[in-house]
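Quick note on labels: first sequence line is chain A, next is B, and so on, each numbered from 1. The shown structure was predicted, so the numbers you read here are calculated from the model rather than taken from an experiment.
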Protein chains: 2
Amino acid sequence: MATIKDVARAAGVSTATVSAVINDSAYVSAELRARVLSAVRDLNYSPSLAAQNLKRGRSQLIALVVADLANPFFSRVVWAAEAAVAAWGYSLLIFNSDEKPEVERRILARVRTLSCDGVILVPVGDSTEHLRNDPDGKPIPTVLFGRSVADYRSDTVTIDNISAGRQATEYLLDLGHTRLGTITGPLHVTTGRGRLDGMMAAMQSRGLTLESRYIRSGEFREDAAYSVARSLLEQPDRPTALYVASGLMALGVMRAVADLGLRCPGDISIASTDTIPGIGGLRPRLTRTEHPLVDMTNEAVRLLVDQIRRGGPAEPRNVVFQPSLVVGDSCAPVVAQLGPPPLSSSGSCQ
Amino acid sequence: MATIKDVARAAGVSTATVSAVINDSAYVSAELRARVLSAVRDLNYSPSLAAQNLKRGRSQLIALVVADLANPFFSRVVWAAEAAVAAWGYSLLIFNSDEKPEVERRILARVRTLSCDGVILVPVGDSTEHLRNDPDGKPIPTVLFGRSVADYRSDTVTIDNISAGRQATEYLLDLGHTRLGTITGPLHVTTGRGRLDGMMAAMQSRGLTLESRYIRSGEFREDAAYSVARSLLEQPDRPTALYVASGLMALGVMRAVADLGLRCPGDISIASTDTIPGIGGLRPRLTRTEHPLVDMTNEAVRLLVDQIRRGGPAEPRNVVFQPSLVVGDSCAPVVAQLGPPPLSSSGSCQ
DNA sequence: AAAACTCAGCTAACCGATTAGCTGAGTTCG
DNA sequence: CGAACTCAGCTAATCGGTTAGCTGAGTTTT
């Protein structure tokens with residue numbers, strides 16, 4: 001690899017001049033400029049980022065730390081973030097904390113070592129201590145994404161989870177359902193907790209309560225949702241409608257419904273929150289409250305770049321996006337359901 | 001951020017000693033070692049990668065350049081690669097060439113500037129010239145993934161696409177189908193071309209030919225597959241079975257089938273290649289030839305780390321994985337189909 | 001015409017690590 | 001007892017850039 005010295009020698013100038021030409025940081029006469037540029041081309045010179053980073057104290061790297069890279073929801077975030085970050089001139093590092101706080105801690109140490117310019121973090125767990133990433137020096141610019149952490153002051157980009165749960169629930173209630181069930185995410189994260197709270201609030205305001213035997217909690221995973229959905233739906237007086245907290249879980253629930261021989265929406269109505277790629281191919285089309293995922297990601301990157309530019313976090317900003325109800329055909333009015341029907345024979349096999 | 005000098009001062013030793021302790025690169029007495037380690041802890045010191053990179057000429061960064069980050073297939077590759085790369089002590093940079101050769105070129109220049117230690121590349125297009133990433137100096141260690149490029153010498157990790165197409169086709173032929181159709185990927189990439197070739201070979205060896213009006217080509221995208229599937233299936237004498245070149249496309253095809261009011265496998269049998277997350281929730285379960293994706297990714301990372309370690313590419317290695325047939329229930333024997341039935345009324349709407 | 005000013009381009013210090021080579025106290029041996 | 005050897009730990013060069021501050025030729029001012 002050619003260095004700035006090689007270029008300087010080839011062009012017959014000093015390294016300072018080469019640097020000035022490359023960065024447009026000082027006036028250089030047309031003649032020297034031309035000589036430098038042609039030497040750059042001849043030698044196929046490209047400045048070493050390592051050297052620039054060392055001197056400038058930045059790295060043009062942004063880290064994205066997600067809670068579960070196997071979840072297609074976060075895959076979409078990766079996709080959107082790559083584009084957003086590239087548009088601002090940064091490159092994107094990907095880390096997977098796999099919902100494990102101690103892995104998250106290790107990743108954040110690594111991010112610091114790599115001297116990333118900023119981090120977009122989907123925080124795991126409810127601890128807040130280890131997020132204060134630099135005890136002494138200035139902290140790395142950080143934007144929390146999707147989930148928030150109590151009493152941690154930093155920019156956040158989230159959706160209104162309560163509204164997501166409420167909207168979906170109200171849609172089911174409007175169809176006449178009263179015996180509702182839900183499959184929630186982990187209740188110690190805001191995305192899990194908030195959606196359940198929204199659902200309960202919606203029911204309460206109509207004088208209904210969500211029975212605890214119709215609540216199942218689990219991880220945001222397809223297989224977990226599948227098994228809890230089975231156990232929920234195998235109850236003799238199962239609910240007539242289900243609110244499922246995430247798109248990936250909804251896939252598992254649909255699979256459970258099919259395997260139990262139930263028909264959706266004939267036997268059971270299903271609504272969910274968030275969307276994942278490929279879910280559009282599913283029949284019936286899922287009724288769901290969707291996140292404006294691309295907008296959220298762009299906003300997170302924008303906030304982060306802003307922090308980086310101003311050299312430190314300003315007053316923390318909290319941007320909350322509203323989910324919107326997308327009506328599919330996975331829900332039917334309760335009158336169309338024939339009371340609490342038994343499980344069909346084909347599905348009763350264990 | 002504390003530097004090595006701060007640590008040296010605090011411990012009352014030279015920076016060389018601190019470096020020796022941290023890297024275990026020379027003998028240091030127990031007493032000094034203890035003093036250094038405690039200073040490191042006190043100051044929360046972590047060596048600057050930028051400085052190490054500059055001095056050592058490496059970056060502990062591996063770049064993964066995929067052809068389409070919106071494709072869930074590549075999302076799984078990202079997931080697997082993150083884990084594999086982390087296990088070897090590297091961090092993962094993600095780039096999306098979006099199937100555009102000129103974007104790929106820019107990305108590779110960026111990768112060079114970032115002085116990444118290696119690249120895993122899903123090559124786009126059939127050009128080979130710009131892949132020789134460093135005209136003069138030594139090239140960046142590279143492993144091509146999934147697709148190969150004619151006459152470009154480097155390690156590659158691929159699947160046997162011909163076998164993938166052949167296996168799926170033979171399965172359909174064994175069920176008695178003779179009027180087969182296919183939805184292929186782009187034919188200028190090996191994953192598109194090879195699968196079609198495998199299909200044709202399978203048919204030919206039974207004395208059948210694939211009629212060109214039953215072949216539709218497109219991008220590896222859900223919406224593209226949807227529309228070509230519609231046009232293919234709306235023909236009066238449509239095929240009785242379809243081979244679809246990718247998982248994402250299969251989702252689009254299933255959607256088209258549903259929207260046309262056709263039943264799968266009742267009216268049409270569908271087999272595909274590759275799998276994507278969420279497809280497991282699809283009913284009917286798709287019959288497909290699957291890639292051992294995690295193994296492939298691990299192997300690619302292993303080859304790459306090997307290249308990095310030995311400081312240059314050895315004799316190029318070509319690792320080809322065999323796809324395996326996973327039987328679902330999206331295919332039925334041809335006898336179960338009632339001749340060439342008309343489109344059902346509900347589906348004939350445009 | 002000398003003093004004051006302008007400014008293109010150079011010199012050299014610096015960023016924070018690593019490491020070749022040196023120093024000097026302690027040990028071994030003739 | 002002094003030469004030869006060992007080796008823990010130090011000094012200083014180095015990686016490849018950026019940039020404060022200097023230089024000296026050309027222009028303006030008085």
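- As judged by a 4.0 angstrom heavy-atom cut-off over every strand, Val13(A) is placed among residues touching the sugar-phosphate backbone only.
- Following rounding to the nearest Å, Leu49(B) (CG) and dA17(C) (P) show an atom-to-atom distance of 10 Å.
- Looking at heavy atoms from C-beta onward, Ser91(A) lies out of side-chain contact with Gln60(A) at the 4.5 angstrom threshold.
- The nearest whole Å value for the distance from the CD atom in Gln52(A) to the P atom in dC15(C) is 18 Å.
- Look at CG on Leu43(A): it is 16 Å from C1' on dG17(D), rounded to the nearest Å.
- In this structure, Asp6(B) places its CG atom 11 Å from P of dC15(C), rounding to the nearest Å.
- Using a 4.0 Å cut-off on heavy atoms, the residues of residues 23-41 of chain B that approach DNA chain C are Asn23(B), listed by number.
- Rounded to an integer number of Å, the gap from Asn53(A) CG to dG16(D) C1' is 11 Å.
- Atom NZ in Lys55(B) sits roughly 8 Å away from atom C1' in dA17(C) (whole-Å rounding).
- Between Arg35(A) and Glu31(A) there is a salt bridge, since a side-chain N of the basic residue sits under 4.0 Å from a carboxylate O of the acidic one.
- OP1 or OP2 of dC10(D) sits under 4.0 Å from a side-chain N or O of Thr17(B).
- Ion pairing between Arg147(B) and Glu99(B) holds under the 4.0 Å rule for side-chain N and carboxylate O.
- Rounding to whole angstrom units, CZ of residue Arg9(B) and P of dA17(C) are separated by 12 Å.
- The nearest whole Å value for the distance from the CG atom in Leu54(B) to the P atom in dT14(D) is 14 Å.
- Residue contacts for Ser19(A): at a heavy-atom cut-off of 4.0 Å it reaches a base atom on one of the strands shown.
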Donor-acceptor contacts under 3.5 Å from residues 19-27 of chain B side chains, at least two apart:
from     : atom 1 : to       : atom 2 : distance (Å)
Ser19(B) : OG     : Asn23(B) : ND2    : 3.2
Asn23(B) : OD1    : Arg56(B) : NH2    : 3.3
Asn23(B) : ND2    : Ser19(B) : O      : 3.0

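- Comparing atom distances between the Ala16(A) side chain and each of dA12(D), dT11(C), dA17(C) picks out dT11(C) as nearest.
- Between Ser14(A) and dC10(C), a side-chain N or O to OP1/OP2 separation shorter than 4.0 Å is present.
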